[in-house]
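One structure is given here, and the rest of the page talks about it.
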Amino acid sequence: MDYLNGLNEPQYEAVTTLQGPLMVLAGAGSGKTRVLTMRIAHLITNGVDPFQILALTFTNKAAKEMKERIAKVVGNSNARSLWMGTFHSVFARILRSEAHYLGYPSNFTIYDTQDSLNVLKKVLKELNIDSDLYKPKKVQSRISAYKNNLITVNAYYNNPEVMEADERANMKHMGQIYQKYVEQCFKNGAMDFDDLLLRTNELLTRFPEVLAKYQDRFRYILVDEYQDTNHSQYLIVKALSSKFENICVVGDDAQSIYSFRGANIYNILNFKKDYPDAKTVSLEQNYRSTQNIVNAANVVIAKNKAQFPKNVFSDNEIGDKIKVYRSLSDADEANFVANNIWEQHNTHQRKFTDFAILYRTNSQTRAFEDALRRKNIPYRVYGGLSFYQRKEIKDLVAYLRILVNENDNEALMRIINYPARSIGETTQNKLIVFADSQNVRVVDVLNNLGQYAPQLGLNNGVIAKLADFWSMIKAFQVMLKTENAYTVAMEVAQRSGLIKFLKDDQTPEGISRVENVQELMNSMQGFIDEQKQLEDGDPSLSSFLENIALSTDQDKKSENEDQVSLMTIHLSKGLEFPVVHLVGLEENLFPSFMSSSTREELEEERRLFYVALTRAEKQVFFSYAISRFQWGKITDAEPSRFLSEIDAEYLEFVNPAVTEKKVFNRSGLTSDIFGDFSEPKFVKKEPKKTFNAPESTIQPKNLKPVASARIINPSGGSSQDIEVGDRVRHDRFGVGEVIFLDGTDPENIKAKVKFATEGEKNLILKFAKLTKI
DNA sequence: CGTTAGGAAGACGAA
DNA sequence: CTTCCTAACG
């Protein structure tokens, strides 16, 4: 049992308490993952069948890593039979095998947020509901809230409270919309993310024999990140564990950051009420960060009211103070960060992977990408528009989805005329209207085209096109019975005309789309190979589709490349980095303007701040800008209140040096710049245009990132200095050389460029979108 | 039927 | 600024 060596006292207790309810309050960096893995290993070495252990993690990547670590202690075959994964993936798997209870096909499609939004938009249109009053996103989040609170359509109509709330919000048609949306998803054989949990609850409550089966199987249940579970997840865990009560939850109330998607911090705060016999263990020693970082984080989080009292501490070195950098603009901030990383890389022997840039919103990435790219610093952006949300990927995936579940009307309508095959809007509408009138699905009409054709009111040419299209799909389906998923997908990509269509577009965007499709094919091949090696692996197409539907950005494996990580704070949960740049510390950005109205919202923002801070091992850099380019114009900003919540003793203000003096030579300003956060008024007096240096007025497109082809979000738009003699690319005129620059007003600099093919052109830099090459 | 230009509206976080 | 949607044209 040498794996127990080296655990501290509370860790040891958490690992060796195997029976009964247990709550482990694990502060940031307190060795939580280690405790979880060792506890599972300990269960197995004490004779528990791994098959009877269910471990719910926050990401699939975490599950995978934990399994590997467990395997090292108890061996591969033992670790393999563990049930381990996210709520969504574990219960999707269970729902597939029990789908018949609910009237669902076992090959149901999983709709992501985008898919479900599309369904909703159609529902709103069909019901003739004004989408100005009923913003699809708003409607979607309300429906999500119903589902997460187990308010089914029936329950909705029996719940005057909720109905009244909707009426007060001027949304009295919500019930109608909700019902239609659920019906449509059911008809499509599809579940959205919330359904995976809601339907699991339905399964467990309506069918006692199913509940009993899984209660008996999962005798030991562990839940990681318990503070971020929602009501629906809470009930699933409660139901499954109620027989044996061997339930171990691990979490940190100070790190609850997902209430916007229904997470309920009271699940963890009230654990003792649910299980009065529960034992509580607190892991308070932080092994990750310096004392300075831990102390600063403690000071901030102490401002929150709703939390367990705790005393997180570090025995590590005291460490550097947190450096605070005040910048003039978002571009300036990005330059500071890039310079800083560059310098530390060169002088302190740090690898690029040691650095993380954490921000509140995805839209902040661009400035940093530009700055890093200009310095040739390799980086990788996590999150944002994820790979699988790209249009070209969704298009190909829609074809594949149809093969697995032809009832998936969303997928069908997406591809029926893509690439264009003359099945236009009019035809599509006729199909839909007709299918509705016959109370069948569009796919049923296609399957019985001969029978229905006379009634459709379409001419023979169009009918032939429909028949062609559908026989192609049918051929793919037949092929799928004998060939593997990769072969079929390749055939689909080619025969559907998708690849050809994409290849016709020779713009850099078009080329990258083809590469993306190629990348999807590669990842599919990789998935198949991986699954084949697993004893219980499933290399089928439907398995692949489920995998990508539930994949997270963290799940994508890093290539072991030396790259700076860029991500939102939400995505950084559970990760750690030697050096963290926490950027955009401004009021209305962080805390977000959407979340500063109530105390609850503000406390969550503060927890988010806490999470960001505690990602760092050695060094933290804060930065904020006093003006920022957003919504197409420059906006003034004040420093975030979180900065003023940290005692000055933990902070150090960095001199912003040259840029500042260049722009501000007015006396007095530079001297008190770092003084007073509480008096932001002088910030507002700053002249706005001064920040608009030439670099921010040039917006070249299609900059190829130097980092690598793996960058998730390589869309262009950047700023850079252009000088006489530079070689540049213009969207229309091609490549040329800058021969003359004219003008001092940054808004209005003209450039004379000699193009190879087009001759000399006078261009206004602001509009010309030149790319330096 | 398909493409494109132009206008309106949208932006916090994400399985 | 970007994305989405509609209107007009080819």
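Chain identifiers are assigned alphabetically (A, B, ...) following the order of the sequence lines, protein sequences preceding nucleic acid strands; residue numbering begins at 1 within each chain.
The nearest heavy atom of DNA chain B to A:T113 and to A:M594 marks one nucleotide each, and the one closer to the 5' end goes with A:M594. Nearer the 5' end of DNA chain B, as judged by each residue's closest nucleotide, is the contact made by A:V462, out of A:V462 and A:E604.
When heavy atoms are screened at a 4.0 angstrom cut-off, A:S595 is found touching base atoms of the nucleic acid. A:S89 comes within contact range of no nucleotide atom at all, as no heavy-atom separation falls under 4.0 Å. Residue A:F593 is classed as a sugar-phosphate contact, given heavy-atom separations below 4.0 Å to backbone atoms only. A:K121 comes within 4.0 angstrom of sugar-phosphate atoms only, judged by non-hydrogen atoms across all strands, and of no base.
For the OP1/OP2 pair of B:dC12 and a distance below 4.0 Å, the side-chain nitrogens and oxygens of A:S363 include no atom meeting the criterion. Dashed line: the shortest gap from a side-chain N or O of A:T59 to OP1 or OP2 of B:dA15 is not under 4.0 Å. Dashed line: the shortest gap from a side-chain N or O of A:K391 to OP1 or OP2 of C:dT3 is not under 4.0 Å. For the OP1/OP2 pair of B:dG10 and a distance below 4.0 Å, the side-chain nitrogens and oxygens of A:K137 include no atom meeting the criterion. Proximity of A:N362 to the phosphate of B:dC12: no side-chain N or O atom is located under 4.0 Å from OP1 or OP2. For B:dG2, one of the phosphate oxygens OP1 or OP2 lies less than 4.0 angstrom from a side-chain nitrogen or oxygen of A:S422. The shortest distance between the side-chain N/O atoms of A:N417 and the OP1/OP2 oxygens of B:dG2 is below 4.0 Å.
Protein atom CD1 of A:I548 is 14 Å distant from nucleotide atom C1' of B:dA15, rounded to whole Å. If you take CD1 of A:I416 and P of B:dC1, they are 12 Å apart, rounded to a whole angstrom. Atom OH in A:Y388 sits roughly 14 Å away from atom C1' in B:dA15 (whole-Å rounding). Rounded to whole angstrom, the span from the CZ atom of A:R366 across to the P atom of C:dT2 amounts to 5 Å. B:dA9 atom C1' lies 14 Å from atom CG of A:L117, rounded to whole Å. Rounded to whole Å, the distance from CZ on A:F609 to C1' on B:dG13 is 17 Å. B:dC12 atom P lies 16 Å from atom CG of A:L385, rounded to whole Å. Taking atom CD of residue A:Q389 and atom C1' of nucleotide C:dT3, one finds them 14 Å apart after rounding to whole Å.
Here B:dA15 is the nucleotide among B:dG13, B:dA15, C:dC1 with the atom lying nearest to any side-chain atom of A:R261. In the set B:dC1, B:dA14, B:dA15, the nucleotide with an atom closest to the side chain of A:Y258 is B:dA14. The side chain of A:T361 sits closest to B:dG13 out of B:dC1, B:dA15, B:dG13. For A:T568, the side-chain atoms get nearest to B:dA14 when compared with the rest of B:dA14, B:dC12, B:dA15. If you check B:dG13, B:dA15, B:dC12 against the side chain of A:S592, the one that comes closest is B:dC12. Nearest nucleotide to the side chain of A:F260, out of B:dC12, B:dG13, C:dC1: B:dG13.
Classified by interplanar angle (parallel below 30°, tilted 30° to 60°, perpendicular above 60°), the ring pair A:F186/A:Y104 is perpendicular. Taking the six-membered ring for Trp and thresholds of 30 and 60 degrees, A:F544 and A:F527 have ring planes more than 60 degrees apart, a perpendicular arrangement. Using a 30° and 60° split on the angle between ring planes, A:F642 and A:F590 fall in the perpendicular class, above 60°.
A cation-pi contact links A:K573 to A:F58, judged by a cut-off of 6.0 Å to the six-membered ring centre and 45° from its axis. For the pair A:R93 and A:F91, the cation-pi test (distance below 6.0 Å, angle within 45°) is failed. Cation-pi geometry between A:R421 and A:F469 is not satisfied (NZ or CZ under 6.0 Å from the ring centre, within 45° of the ring normal).
C:dC4 and B:dG13 are spaced 15 Å apart, taking the P atom of each and rounding to whole Å.
Between the side chains of A:N188 and A:Y111, at least one donor N or O sits under 3.5 Å from an acceptor N or O.
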